[in-house]
Amino acid sequence: MFSMNSVILSPKSQVVIPLPVRIAIHMRSNLLMAFLVVMNMLAVLPASSEVPYLIGRGTDYQRFTWDTTCPPGCPFPPSTYRRLQFTGRWATYTTADTFYPTWGSDDVLYSPWADGGIGKLSTACPNTGHCSAEGDSPLHLTIGTVGVVKGDGAGYGLYPCGSLMYNDIWYHGNYLLTWADPDAPQDMPDWGVLEPFVGFRYSSDKGLNWTNLTDSAAPLLEPHHNAGKGGKEIMIGAPHFVDFGKNMQHAPVDSGTGRKFAYMVAHGADPGIQIAAHNSWIQGDNIYLIRILMPDGTNAAENTAYLNTHTNWQYFARDGKWMNWDKNNLAGVYANIKAIARWPKRLGNVSMTYNAALGKYMMVMSRVVTGNKDAMDAMLLEADSITGPFRLVQYLPSFGVRAYFLNIPSKFISADGLTMWLSFSANYWWYTSPSFPGSTYAWCWREFKLSTDPNPIYLSGKIEAECGKKLNGAGDDKDPFASGGYNVAYMGGVEFTGLAKAESLTIRYSAVNEGTFSLYINGTHAKDITVQSTGAWHGDGAYTNAVVDVAVPDGASLRLQKDSGDVGINLDYITLSSPSSVKDTRTSGQGRGE
């Protein structure tokens, strides 16, 4: 299909591209991107599920809770919501990233995407993708209206950011990245350095055709960074629209005109900073807030031109007021703009959702501390006002272990506001093992709940092996007959922390040799576990239980480890319980729940 100013590619069939769990390729390299395109052409398979582009999903994965902790120097006071518990419900779609869904009046989610691929389509910078997602639950989404728009990065990487479906007009924003910055004191390759926000293209037919009114050589709010040439860092480089519900249902209304305000949040550097460590695609000093009074007209071209006029945007200023943006007087903007959150070099890519049931603004972000290839930490903050002050709900170290582009789609927030879904992508370097099922290079969904319980919540009952920390080469291994669809293989060791008090431990495993395996409690060797041969590493009937009487205190760590002289096992799960509640039987594995 073709539109006036853009080229769109669209699939003619719905397919699933299988994604090996242990291979997550980072798609910002043109060489790897070319490899993926070839592999997509060679490896297209018929759909293996009733849900197109589904990679996996489950409802029986171990619930787990993070304690509210934060590194020293955290500037955010604690929220009354002091616990974030993942419920075990998850789903994963596509083999792409950069999904930021917006909720249209037709009850459909519309999202950009980038890199990777959906079915037969792949994006390679500066091309960007878009899709729709229909369904009443993230467990059963139908991905459709998939397309790729040919873009012009004007020598930069071009990526999706602010995306909004409002009154049946889809505004799709883009920002730029630079490959490297000689001034950066750390490794930030691979389109790592943040460049300015370009502006919006639009679609009047829900993504079937697009018209581009932007010019990458003339960004909307700020000039190019000019890496290595003394240019200043970017403040509004990768903005994302605040999610106010279906067709901006809960957006603030201007009393004078009756029109709604659209807001965008962005991570950026302090004014005048010239070090890219403060301003990469995933790292920054501050969170900034801008807004625009949305037009009421139905002329999409005029509306988009209005959004692409810099003086129509306002920024939150130091005196608590709103001031018009003026890119011809950036010194004035820099002197007056106020960050709604600040933590130098410790903030990152950000999104915000209004939780109408709680009357809270929920801001979620991911950031990397030391380098582009390292694990990424996530944070969830909340506030009563869109301008803050923000309070810390949860700090999530190494979530994913590399989860990024996090957001909370308002469509799937529960009626009481306490249960919602986290949308993200993760683990784009090939050597990364996911820290839980469904955390991979794709559109990932995980359900979580908020709690006001101030007391520690310890893990008890059944705990999947994938929930533990993998040691000495251990990694997740797919097996439909294992509980949750995975075991942990190459079992150098797995450690579980924050366990509840127990008197007995059941270990479900598979093995091909008889021998022993070592059990540690709080770092001290507790017992040698007797291992029987189950005859196979995988499959129906390959798993058996070993029941061990052992004292596990509240809050303990438990480690199963292959010491010298031990035999290998594949670990499916453990169960903490009293002796009367366990059985020593061999049964077939359980398939992944839905």
Side-chain angles (χ1 to χ4, degrees), residues 100-106 108-112 130 160-175 196-204 206-207 213-214 219-221 235-268 287-317 321-325 327 337 340 350-356 360-364 383 385-388 407-411:
Y100 281 92
T102 174
W103 190 4
S105 60
D106 56 359
V108 175
L109 296 179
Y110 296 88
S111 178
H130 53 275
C161 55
S163 175
L164 177 66
M165 176 69 81
Y166 182 56
N167 291 342
D168 297 324
I169 302 173
W170 190 354
Y171 306 96
H172 188 301
N174 291 277
Y175 72 104
F197 174 54
V198 173
F200 300 95
R201 62 174 179 259
Y202 73 89
S203 174
S204 299
K206 301 181 179 180
L213 301 179
T214 68
L220 178 59
L221 302 176
M235 304 180 74
I236 311 292
H240 297 101
F241 278 102
V242 176
D243 184 343
F244 280 109
K246 186 177 182 179
N247 200 40
M248 291 181 60
Q249 175 184 0
H250 301 291
V253 176
D254 177 59
S255 58
T257 63
R259 291 153 58 186
K260 291 187 175 182
F261 280 104
Y263 291 74
M264 290 202 296
V265 287
H267 75 286
I287 304 301
Y288 295 106
L289 184 66
I290 60 177
R291 73 178 186 180
I292 192 169
L293 196 58
M294 292 297 292
D296 279 338
T298 59
N299 188 310
E302 290 182 1
N303 289 3
T304 309
Y306 170 84
L307 263 66
N308 284 333
T309 301
H310 66 97
T311 53
N312 290 334
W313 286 90
Q314 295 179 319
Y315 62 91
F316 184 60
K321 298 179 181 179
W322 291 89
M323 300 183 66
N324 289 342
W325 194 279
K327 70 177 181 181
I337 196 168
I340 61 172
V350 65
S351 68
M352 187 187 294
T353 298
Y354 180 65
N355 187 322
K360 300 284 187 181
Y361 290 89
M362 311 199 72
M363 189 160 64
V364 61
S385 168
I386 196 169
T387 59
N407 53 88
I408 300 172
S410 60
K411 181 177 181 178

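Between Pro239 and Cys161, the shortest heavy-atom contact is O-CB, 3.2 Å. Closest of all the heavy-atom pairs between Trp325 and Leu221 is NE1-O, 2.9 Å. Pairing each heavy atom of Tyr263 with each of Pro252, the nearest pair is CE1-CG, 3.8 Å. Nearest heavy atoms, Met363 versus Ile340: SD-CD1, 4.3 Å. Between Pro101 and Asn407, the closest heavy-atom pair is CD-OD1, 3.3 Å. Scanning both residues, Ile408 and Thr353, for their nearest heavy atoms gives O-OG1, 2.6 Å.
To the nearest 0.5 angstrom, Asn299 atom CG is 8.5 Å from Thr304 atom OG1. One finds the CH2 atom of Trp313 at 7.5 Å from the CG atom of Leu220 (value rounded to the nearest 0.5 Å). With rounding to the nearest 0.5 Å, the separation of CZ in Arg201 from OG in Ser163 is 9.0 Å. To the nearest 0.5 Å, atom CG of residue Leu289 and atom CD1 of residue Ile386 are 5.0 Å apart. Note that CE of Met235 is 11.0 Å distant from CD1 of Ile290, once rounded to the nearest 0.5 Å. Taken from NE2 in His130 to OG in Ser203, the straight-line distance is 7.0 Å, to the nearest 0.5 Å.
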List the steps and the verdict of side-chain contact (heavy atoms from CB on, under 4.5 Å) for Met294 and Arg259.
CA-CA 6 Å; Met294 292 297 292; Arg259 291 153 58 186; 5.8 Å; no
Show, in sequence, the C-alpha distance, side-chain angles and deciding distance for Ile292 and Tyr306, and conclude whether the side-chain contact (heavy atoms from CB on, under 4.5 Å) test is met.
CA-CA 10 Å; Ile292 192 169; Tyr306 170 84; 3.7 Å; yes
Start with the C-alpha gap between Asp168 and Ser105, add the side-chain angles, then the distance that decides, and say whether side chain to side chain donor-acceptor pair (under 3.5 Å) holds.
CA-CA 7 Å; Asp168 297 324; Ser105 60; 3.1 Å; yes
Show, in sequence, the C-alpha distance, side-chain angles and deciding distance for Tyr166 and Asn303, and conclude whether the side-chain contact (heavy atoms from CB on, under 4.5 Å) test is met.
CA-CA 11 Å; Tyr166 182 56; Asn303 289 3; over 6 Å; no
Decide side-chain contact (heavy atoms from CB on, under 4.5 Å) for Met264 and Leu164; before the verdict, give the C-alpha distance in whole Å, the side-chain angles of both, and the deciding distance to 0.1 Å.
CA-CA 10 Å; Met264 290 202 296; Leu164 177 66; over 6 Å; no
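Between the side chain of Ser111 and the main chain of Tyr100, a donor-acceptor pair closer than 3.5 Å is present. Judged by distance alone, with hydrogens and angles left aside, the side-chain atoms of Asp243 form a donor-acceptor pair with the main-chain N or O of Ser410 at under 3.5 Å. Between the side chain of Lys206 and the main chain of Tyr110, no donor-acceptor pair closer than 3.5 Å is present. Judged purely by atom type and a 3.5 angstrom limit, His240 uses its side chain to pair as donor or acceptor with the backbone of Val350.
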Side-chain polar contacts of residues 244-251 - donor-acceptor pairs under 3.5 angstrom, sequence neighbours left out - could you list them?
| residue | atom | partner | partner atom | Å |
| --- | --- | --- | --- | --- |
| Asn247 | OD1 | Asn167 | N | 2.8 |
| Asn247 | ND2 | Asn167 | OD1 | 3.2 |

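Between Thr214 and Asn174, every side-chain heavy-atom pair lies at or beyond the 4.5 Å cut-off.
Ring centroid separation for the pair Trp170 and Tyr202 does not come in under the 6.0 Å cut-off. Outside the 6.0 Å centre-distance limit, the rings of Tyr354 and Trp103 are not counted as a close aromatic pair.
Legend: residues meeting ring pair (Phe, Tyr, Trp, His ring centres under 6.0 Å) with Phe200, ordered by chain and number and at least two apart, are Phe197, Phe241.
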